[in-house]
Amino acid sequence: MKRAALVAIGLIFLVACSREGGGLRFASVGTGSVTGVYYQVGQAIMAVMNERTAETGLKVTAEATGGSVANINAILAGDMVMGISQADSMFHAYQGQGEWRDKGPQTALRVVCSLHAEAITVVVAEASGIQALTDVRGKTINIGNPGSGQRQNALDIFQSLGIDSERDFRAEGLKASEAPKILQDGQIDGFFYTVGHPAAAILEATSGRRPVRFVPIDGKADFLEKFPYYVPVAVPVACYPNAVNREDVPTIGMLATLVTSAAVDEETVYQLTKGILENLDRIRERHEAFRGLDARNMAGQGAIIPRHPGAERYYREAGLLN
Ligand code: GLU
């Protein structure tokens, strides 16, 4: 009797020790600029996960970063556990295309789930006279910082239109969070931001004294056909009442996805996937862009690269895979 009690105490002690001495795992989630939507996703994930730390042993932090490309590279370098990425950037990295053409296929990259939809959003000053993308010749356009997802989108689009981004216009490489102010100050004529709507940065850009409009990216059939991760979407003008446009603006979009590395342990990814999917109601409430999140879609739609086994385990357990 006495002996059994002692063994039990010893066990409790051991468990407590292992929790303290490294039992608590830290997981950083890479997001984007603070005025984008990724940052909001990261905050939502952090909030729902850190309520369950006692149960999962996992402490989550969401960090502001340069965006998709920066997140993927940080994950692959082992500096971050997870990150948010555009589906196209994720696909490019895995296949060794676009940004990763020189480095080659990043086959350790894994998808966890898909998230909200994003739209390649082109915002210009009305005074610039730009009505269509072909009007950018001779203008100054912020195509985005090198770690962002929008940069490659802008380059792909201009290339498909036969516009040389080194010669035909002045391409700036600033962060999306800086673009609204410099657009309003008149230092640039427009900027690209691939983002979910509504986004604080776009609200800021359309709320200044300088009138601002969205430029459509016509659903170029060949473009959509060539890149399977692109879908036709529209910028909802109701989100931005001060923009010049009166109707939703057609453009191209893709899903945002949550990605990780094959090197991250199964239990961590399992707990994160479970924590996110089982708290979707609360995540949906945090931002309008998350309203449409659906567990079954999130489990299935992002799988254009291999899924992490921790996510797979949760989806099978929850019966979310067909
Ligand atoms: N799609 C952007 C990027 O990959 C980030 C958008 C956001 O932060 O919501 O850089």
Side-chain angles (χ1 to χ4, degrees), residues 26-34 36-43 45-46 60-118 120 143-156 173-177 192-196 227-230 252-266 268-269 272-273 276 298 301-312:
F26 291 87
S28 50
V29 178
T31 66
S33 290
V34 289
V37 177
Y38 288 6
Y39 191 72
Q40 301 296 327
V41 182
Q43 295 298 310
I45 294 174
M46 187 168 99
V60 175
T61 52
E63 294 173 33
T65 70
S68 294
V69 174
N71 293 341
I72 290 173
N73 288 336
I75 289 165
L76 293 169
D79 295 336
M80 265 175 193
V81 163
M82 274 196 192
I84 307 169
S85 163
Q86 293 176 201
D88 54 325
S89 311
M90 163 182 93
F91 188 78
H92 284 165
Y94 192 81
Q95 301 284 341
Q97 298 171 2
E99 283 281 333
W100 293 271
R101 192 161 289 137
D102 295 338
K103 287 194 209 155
Q106 306 296 306
T107 53
L109 196 64
R110 294 289 178 271
V111 68
V112 176
C113 62
S114 70
L115 298 162
H116 60 285
E118 298 187 86
I120 303 175
I143 61 169
N145 58 293
S148 73
Q150 53 268 9
R151 192 178 173 89
Q152 192 66 42
N153 295 145
L155 294 174
D156 284 348
L174 298 165
K175 286 198 266 175
S177 55
F192 274 70
Y193 193 13
T194 303
V195 72
F227 305 105
Y229 35 74
Y230 287 147
I252 291 168
M254 76 294 291
L255 286 169
T257 56
L258 191 60
V259 292
T260 187
S261 158
V264 176
D265 66 282
E266 184 181 317
T268 298
V269 178
L272 270 155
T273 313
I276 294 166
M298 289 168 75
Q301 277 175 345
I304 53 173
I305 72 163
R307 203 181 272 127
H308 191 283
E312 180 92 19

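Values below: every heavy atom of this structure, side chains too, minus hydrogens, waters and symmetry copies.
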Open item on the list: Using a 3.5 Å distance criterion without hydrogens, assess whether the side chain of T257 forms a donor-acceptor pair with backbone atoms of V259.
Closed with: no
Open item on the list: Before you tell me yes or no, could you show the steps for D156 and D88 under side-chain contact (heavy atoms from CB on, under 4.5 Å), namely the whole-Å CA-CA distance, both residues' side-chain angles and the distance that decides it to 0.1 Å?
Closed with: CA-CA 11 Å; D156 284 348; D88 54 325; 5.7 Å; no
Task: Closest contact, heavy atoms only, V264 versus H308 - done: O-NE2, 2.8 Å
Task: Flag side-chain contact, heavy atom, 4.5 Å: M82 against V269 - done: yes
- [ ] Assign the ring pair Y38 / H116 to parallel, tilted or perpendicular, where the plane angle (0 to 90°) is split at 30° and 60°.
- [x] perpendicular
TODO: In sequence, state the C-alpha distance, the side-chain angles, and the governing distance for I72 and Q106, and then conclude on side-chain contact (heavy atoms from CB on, under 4.5 Å).
DONE: CA-CA 9 Å; I72 290 173; Q106 306 296 306; 5.6 Å; no
Task: Distance in Å, I75 CD1 paired with M80 CE, rounded so as to fall on 0.5 Å steps - done: 7.5 Å
Task: Nearest atoms (heavy-atom pairs only) where Q40 meets V34 - done: NE2-O, 4.4 Å
Open item on the list: Given 3.5 Å as the limit, does a donor-acceptor pair link the side chain of S28 with the main chain of T61, or not?
Closed with: no
Open item on the list: Test your reading of the model: is there a side-chain donor-acceptor pair from R110 to the backbone of T260, 3.5 Å cut-off?
Closed with: no
Task: Residues that S85 engages under side-chain hydrogen bond (donor to acceptor under 3.5 Å, both in side chains), provided they are two or more places apart - done: none
TODO: Give the C-alpha distance, both sets of side-chain angles, the deciding distance and a yes or no for side-chain contact (heavy atoms from CB on, under 4.5 Å) between L258 and M298.
DONE: CA-CA 10 Å; L258 191 60; M298 289 168 75; over 6 Å; no
Open item on the list: Tell me every residue that passes side-chain hydrogen bond (donor to acceptor under 3.5 Å, both in side chains) with Q43, counting only those two or more places apart in sequence or in another chain.
Closed with: Y39
- [ ] Examine the side chains of N73 and E99 and answer whether a donor and an acceptor come within less than 3.5 Å of each other.
- [x] no
- [ ] Check the pair Q150 / Q86 against side-chain contact (heavy atoms from CB on, under 4.5 Å), numbers first and verdict last.
- [x] CA-CA 9 Å; Q150 53 268 9; Q86 293 176 201; 4.2 Å; yes
- [ ] Could you tell me whether the side chain of F26 reaches within less than 4.5 Å of the side chain of V81, counting heavy atoms only?
- [x] no
Task: Considering all heavy atoms, the nearest S68-S89 contact - done: CB-OG, 3.6 Å
Task: Gap between atom OG1 of T107 and atom CD of Q95 - 0.5 Å precision - done: 10.5 Å
- [ ] Taking all non-hydrogen atoms of both residues into account, name the closest pair between N71 and G30 and its distance.
- [x] ND2-O, 3.2 Å
Task: Note, N153 side chain near M254 side chain (heavy atom, < 4.5 Å) - done: yes
Open item on the list: Looking at every non-hydrogen atom in both residues, tell me the closest pair between L109 and M90 and how far apart they are.
Closed with: CD2-O, 3.7 Å
Task: Spacing of L272 atom CG and I45 atom CD1 [to the nearest 0.5 Å] - done: 7.5 Å
Task: Rounded distance [0.5 Å steps], OG1 in T194 versus CD1 in I120 - done: 5.0 Å
Task: Backbone N/O of G66 and side chain of N145: donor-acceptor pair under 3.5 Å - done: yes
Open item on the list: Using every non-hydrogen atom in the two residues, find where P146 and G173 come nearest and quote the distance to one decimal.
Closed with: CD-O, 4.1 Å
